[in-house]
Amino acid sequence: MPGFELFGDNERKEVQDVLSTGVLMRYGFDGMRQGHWKARELEHALAQRMQTAHAQLLSSGTAALTVAMASAGIGAGDEVILPTFTFVASFEAVLALGAIPVLVDIDDTLTLDPRAVENAITNKTRVVMPVHMCGSMADLQALRSICDKHRLLLVEDACQAIGGTYQGKPLGSYGDLGCFSFDYVKTITCGEGGALITNNETFYRNADHYSDHGHDHVGNDRGAESHPFLGYNYRISEMNAAVGIAQLARLDDFLAIQEKHYSIMRNALESIPGISFRRVPEGGVENYSFLNFYLPNEQAAREAHAALGPAGVDACFYWYDNNWHYHRKWDHLKQLKSLGNLNSEIRERLRNMPDARFTASDHWMGRTISSLVKLGWSEQEVHKRATTMAEVLKQYC
Ligand SMILES: *Cc1c(COP(=O)(O)O)cnc(C)c1O
């Protein structure tokens, strides 16, 4: 997955453009910047690549989630439905807006189970947020019809699946809003950065203003701009955006490399009785950033995972015990450990979180191992890795 593996001359050239003028900020300084508008240029390229009307760059993927929801008017007390398998950024963004994260089960797609989503809807629900973890997507058509029926927003977190598609559409472009991260370990990186995409003109305008202190960006005098509403600072810098221009131009090359490496590993595991693969919803194409598979049970998965590293197969993850990505270890969330006071509504509504049980999620995650797909491997390395993986896994099936 990590684009940083292939950082090179194109990235350096783009950054050099910015260094040559010293205009490190995305807004203003028109005369000094000698025609370089890196953030704007990347926004246009991203919107085009993702087939949406608009893209707004932001300082991180977490900022993208926060601004996406803020731009659609999500705020205090609104409920946002999230999966138990995600990244902590999902609930951080919700809490930052004073909204309420509602965790629900995943299924064998390793993403939101549409039935669990429907069961969790209340009269406070405003958003369904599928998280396309580890390169593959949620059943977006099922979620779209639930959202339409209950008049909810569909906000896709595509931070780990950029370049994947569903029914021919780029992931992130199917929902009302879609979010990407360009942090250092994502498929394409800006060092730090993120973006939202949307076809909704109002959400886009709100995101543009909100991410820059509420500035309306009318006219040529930043100091004289007015503020139609309160905002915050989630701007990306020109330096980060410059890196992203070079990386986005190589996205399709990166995807092709990932698919090749993924297929070599998958072919090696396909015939092992007892190994099965994560279900990809019909009409979906992964971005191949991870190969995700199931062992027959939790014990086998745990033992196989423990054996892979010493056998020389690095970068395999057993998310079930992971404290960033799976609900079991989110004690700071469950115990509401916050530096300052959380507002009383959040405290009250999350009071029972420590008692929540997610047996369906535990069933799938307990059996899951994910192998990262690296860009920098040589073909020989991938073949060796695939053979060793198969040898190790056979012993636990
Ligand atoms: C990386 C990631 C984020 C957050 O992105 P940052 O740029 O690190 O803030 C959000 N969601 C998922 C699923 C991620 O993997």
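Every number for a ligand or one of its atoms is a count from 1 in the order of the listing. Everything numeric in this text was worked out from a predicted model, so none of it was measured. Only heavy atoms go into these numbers, but all of them, side chains included; no hydrogens, no water, no symmetry mates.
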Exercise. Between Tyr204 and His54, what is the ring plane arrangement, given parallel below 30°, perpendicular above 60°, and tilted in between?
Worked result: parallel
Exercise. If you count the atoms of ligand 1 from 1 in the order shown, which ones are under 4.0 Å from a heavy atom of Ser60?
Worked result: 7 (O), 9 (O)
Seminar exercise, completed: Residues Thr187 and Phe254: closest non-hydrogen pair is O-CD1, 3.3 Å
Exercise. Does Arg205 come within less than 4.0 Å of Asp216, counting only side-chain N to carboxylate O?
Worked result: no
For this session: Write out the residue and atom name of the closest protein heavy atom to atom 3 (C) of ligand 1, then the distance separating them to 0.1 Å.
Result: Phe87 CD2, 3.5 Å
Exercise. Numbering the atoms of ligand 1 from 1, which are under 4.0 Å from a heavy atom of Val131?
Worked result: 13 (C)
Seminar exercise, completed: of all protein heavy atoms, closest to atom 15 (O) of ligand 1 is Gln160 NE2, 2.9 Å
Problem set entry | Nearest protein heavy atom with distance in Å, relative to atom 9 (O) of ligand 1 | Thr62 OG1, 2.5 Å
For this session: Would you mind checking if Arg115 and Asp105 are paired as a salt bridge, meaning a charged N to carboxylate O distance below 4.0 Å?
Result: no
Problem set entry | Salt-bridge present (Glu381, Arg385; N to O < 4.0 Å) | no
For this session: Check if Thr86 has a non-hydrogen atom at a distance under 4.0 Å from any atom of ligand 1.
Result: no
Seminar exercise, completed: With heavy atoms and a 4.0 Å threshold, my read on which part of Asp157 contacts ligand 1 is side chain
Problem set entry | Closest protein heavy atom to atom 1 (C) of ligand 1, given as residue, atom name and distance to 0.1 Å | Lys186 NZ, 1.7 Å
Problem set entry | Close-contact set for ligand 1 against Asp183 heavy atoms, below 4.0 Å | 1 (C), 6 (P), 7 (O), 8 (O)
Exercise. Taking heavy atoms and a distance under 4.0 Å, where does Glu192 meet ligand 1: side chain, backbone, both or neither?
Worked result: neither
For this session: Give me the ring orientation class for Tyr326 and Tyr320: parallel if the planes are under 30° apart, tilted from 30 to 60°, perpendicular past 60°.
Result: tilted
Problem set entry | Salt bridge Arg279-Asp107, side-chain N to carboxylate O under 4.0 Å | yes
